[in-house]
**Student:** 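Next up is a structure, given as C-alpha cells.
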Amino acid sequence: MPKRKTEKSRENFFADVFDIVRLVPKGRVTTYGAIAACLGLKSGARMVGWAMNASHGEKNVPAHRVVNRSGLLTGRHHFETPTAMEERLKKEGIKVTKNQVADFDRLFWDPAEKIFGKK
DNA sequence: GACATGACGATTT
DNA sequence: GAAATCGCCATGT
C-alpha cells in the first residue's frame, strides 16, 4: 500500500475522475484527455485510464462512456466481458462500429463545459 | 529508492 | 502522411 502522501493525491484524483465520469449524460461519451484537462493535467490521460481501472469498485462509474481521443473503445478488454462496453453503449443509443463510437464528434461530451460552467 | 508499466495525448522526425 | 518519441502522474514490483 502506498504511503499517506500518495494516498491523498490518489484519492483526490480518483474522486475527481469518478465524479466527472458519473456526470457524463446517458448517450454521450467523453475522452481521457478531456477529463485530465479538467483536472488541470496537461496530459494526464494515462492517469485517467488508471483511475478507470480503480472504477471497477465504483459501480456508479460508467467507464464505458469513456473512450480515447479517437472515440475508440480501447478499454473494452478491461470490462467484465470484451463486448460489455459496446453493448452498453449501444443500449444507451450510441452506435459502435469496430470498437469505435459512431458520430463520436457529435456525441462527445466535454466535462470542462459542465465543470467550467458549474464552477 | 529505482525501474518498469499503464484503458493516452501531443509533438517532432 | 505515417512512425517514432517524449511527456504526464501514479502504481506495482
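All chains are named by letter (A, B, ...) in the order of the sequence lines, taking the proteins before the strands, and each is independently numbered beginning at 1.
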**Student:** Using the rule that two of Ile, Leu, Val, Met, Phe, Trp, Tyr join whenever any of their side-chain heavy atoms come within less than 4.5 Å, decide whether A:L41 and A:V21 are in one cluster.
**Tutor:** yes
**Student:** Would you kindly give the CG-to-C1' distance between A:N53 and B:dC8, to the nearest whole Å?
**Tutor:** 14 Å
**Student:** Take atom CZ of A:R65 and atom P of B:dA7, then tell me their distance rounded to the nearest Å.
**Tutor:** 22 Å
**Student:** Please report the closest heavy-atom contact between A:L89 and A:H64, naming both atoms and the distance.
**Tutor:** CD2-O, 3.3 Å
**Student:** What integer number of Å spans the C1' atoms of B:dA7 and C:dA3?
**Tutor:** 22 Å
**Student:** Could you give all pairs that pass the salt bridge (charged side-chain N to carboxylate O under 4.0 Å, His left out) test and reach residues 63-77 of chain A, with sequence neighbours left out?
**Tutor:** A:R65-A:E92
**Student:** Please give the stem ranges for DNA chain C, sorted by first residue number, where a stem is three or more consecutive Watson-Crick or G-U pairs and both donor-acceptor distances are under 3.5 Å.
**Tutor:** B:2-6 with C:9-13, B:8-13 with C:2-7
**Student:** Using whole Å, report how far CG of A:L73 lies from P of B:dA7.
**Tutor:** 14 Å
**Student:** Rounding to an integer number of Å, can you tell me how far A:M47 CE sits from B:dG9 C1'?
**Tutor:** 11 Å
**Student:** Just to be sure I understand the rule, does A:H56 reach a base, reach only the sugar-phosphate, or reach nothing, if contact means heavy atoms closer than 4.0 Å?
**Tutor:** base
**Student:** List the atom of A:T30, the atom of A:I35, and the distance in Å for their closest heavy-atom pair.
**Tutor:** CG2-CD1, 3.9 Å
**Student:** Which nucleotide, B:dA7, B:dC8, C:dT11, lies nearest any side-chain atom of A:N68?
**Tutor:** B:dC8
**Student:** Rounded off to whole Å, could you give me the CZ-to-P distance for the A:R46 and C:dT5 pair?
**Tutor:** 14 Å
**Student:** Do A:F108 and A:V101 share a hydrophobic cluster (ILVMFWY, side-chain heavy atoms under 4.5 Å, transitive)?
**Tutor:** yes
**Student:** Tell me what A:A63 touches on the nucleic acid: a base, only sugar-phosphate, or nothing, going by heavy atoms under 4.0 Å.
**Tutor:** base
**Student:** When you measure from the side-chain N and O atoms of A:T31 to the phosphate of B:dC8, is any distance below 4.0 Å, counting only OP1 and OP2?
**Tutor:** no
**Student:** Considering non-hydrogen atoms only, spot the tightest contact between A:F79 and A:A84 and give its length.
**Tutor:** CB-CB, 4.1 Å
**Student:** How many Å lie between CE on A:M52 and P on B:dG6, as a whole number?
**Tutor:** 18 Å
**Student:** In whole angstrom, give the distance that lies between atom CZ of A:R69 and atom C1' of B:dC8.
**Tutor:** 11 Å
**Student:** To the nearest Å, give me how far apart CG (A:L41) and P (B:dG9) are.
**Tutor:** 13 Å
